[in-house]
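Notes follow once the structure below has been shown.
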Amino acid sequence: QLQFVESGGGLVQPGGSLTLSCTASGFTLDSYAIGWFRQPPGKLTEGVSCIYKNGGTPYFDDSVKGRFTISRDNAKNTVYLHMTRLELSDTAIYYCAAATHCQRAQSEFGHWGQGTSVTVSS
């Protein structure tokens with residue numbers, strides 16, 4: 001099976017930090033750009049961040065810019081989303097997916113995982 005497995009979600013307080021992991025299952029992710037997406041309750045899925053194959057400046061949505069960072073560890077076949085200064089609006093199910101390049105439409109990303117739930121609440 002070719003898919004991602006997301007993990008690391010949970011309940012955190014506003015202003016807190018959390019790191020999500022995206023691990024490839026059935027393939028290696030070092031040949032792909034990896035994007036993080038999220039679906040808030042009752043809303044459509046939106047792009048959060050994307051990391052290129054070989055470094056460079058990653059993409060961040062304006063809503064998370066300056067608060068989130070993204071990294072990859074190809075040896076572990078994993079991409080991370082480091083979230084800090086979390087806000088109530090960050091509550092969502094977070095997904096990762098792969099594409100040939102970050103500058104692609106959401107529909108062009110594949111190998112979507114099952115998602116991991118992040119709840120920001122006091």
Side-chain angles (χ1 to χ4, degrees):
Q1 294 180 334
L2 304 179
Q3 66 178 52
F4 284 115
V5 177
E6 299 96 339
S7 63
L11 175 64
V12 296
Q13 294 181 326
S17 300
L18 196 65
T19 296
L20 306 182
S21 299
C22 171
T23 300
S25 177
F27 69 104
T28 55
L29 53 73
D30 59 358
S31 297
Y32 298 91
I34 308 298
W36 279 98
F37 304 84
R38 67 185 182 186
Q39 184 175 24
K43 298 182 179 180
L44 298 176
T45 302
E46 61 189 19
V48 176
S49 182
C50 186
I51 188 167
Y52 293 86
K53 299 176 184 178
N54 299 307
T57 303
Y59 161 82
F60 294 100
D61 185 78
D62 288 341
S63 64
V64 305
K65 193 173 297 182
R67 299 189 297 117
F68 290 12
T69 61
I70 189 170
S71 65
R72 66 192 303 157
D73 187 340
N74 291 334
K76 296 181 179 180
N77 215 26
T78 299
V79 170
Y80 303 94
L81 183 67
H82 311 275
M83 306 183 295
T84 65
R85 289 145 51 204
L86 285 162
E87 304 171 354
L88 297 179
S89 58
D90 294 320
T91 295
I93 300 176
Y94 285 73
Y95 302 89
C96 58
T100 59
H101 197 274
C102 283
Q103 296 175 341
R104 296 286 186 271
Q106 182 179 140
S107 61
E108 297 182 76
F109 282 76
H111 303 310
W112 292 79
Q114 297 298 308
T116 185
S117 180
V118 173
T119 301
V120 183
S121 176
S122 61

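In this chain, numbering begins with 1 at the start of the sequence shown.
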Using ring centroids (six-membered ring only for Trp), state whether Phe37 and Trp112 fall under 6.0 Å. yes
Ring centroid separation for Phe4 and Phe27, is it under 6.0 angstrom? yes
For the [atom1] atom of [X] and the [atom2] atom of [Y], what is their distance to the nearest 0.5 Å?
X      : Y     : atom1 : atom2 : result
Asp90  : Arg85 : CG    : CZ    : 10.5 Å
Thr100 : Tyr32 : OG1   : OH    : 9.5 Å
Gln103 : Tyr59 : CD    : OH    : 10.5 Å
Ile51  : Ile34 : CD1   : CD1   : 9.0 Å

Would you name the heavy atoms of [X] and [Y] that are closest together and state the gap between them?
X     : Y     : value
Lys53 : Arg72 : CA-NH1, 3.5 Å
Thr23 : Lys76 : CG2-O, 4.3 Å
Leu18 : Gly9  : CD2-CA, 4.1 Å
Val48 : Val64 : O-CG2, 3.7 Å
Leu81 : Ser49 : CD1-CB, 4.1 Å
Ser21 : Thr78 : CB-CG2, 4.1 Å

So if you build clusters from Ile, Leu, Val, Met, Phe, Trp, Tyr with side-chain heavy-atom gaps below 4.5 Å, do [X] and [Y] land together?
X      : Y     : answer
Val79  : Phe68 : yes
Ile70  : Leu86 : yes
Trp36  : Leu44 : no
Phe109 : Ile93 : yes

Is the backbone N or O of [Y] less than 3.5 Å from a side-chain atom of [X], with the two atoms forming a donor-acceptor pair by type?
X      : Y     : value
Gln114 : Glu6  : no
Asn77  : Leu29 : yes
Glu108 : Ala99 : no

On the 0 to 90° scale, with breaks at 30° and 60°, tag the His101-Tyr52 ring pair as parallel, tilted or perpendicular. perpendicular
Go through the steps for Val118 and Met83 under the test side-chain contact (heavy atoms from CB on, under 4.5 Å), then give the verdict. CA-CA 11 Å; Val118 173; Met83 306 183 295; 4.0 Å; yes
Do Pro14 and Ser122 touch side chain to side chain, with heavy atoms closer than 4.5 Å? yes
Compare all side-chain heavy atoms of Ser121 with those of Leu11 and state whether any distance is below 4.5 angstrom. yes
Set out, in order, the CA-CA distance, both residues' side-chain angles and the distance that settles side-chain contact (heavy atoms from CB on, under 4.5 Å) for Asp61 and Glu46, then state yes or no. CA-CA 9 Å; Asp61 185 78; Glu46 61 189 19; 5.7 Å; no
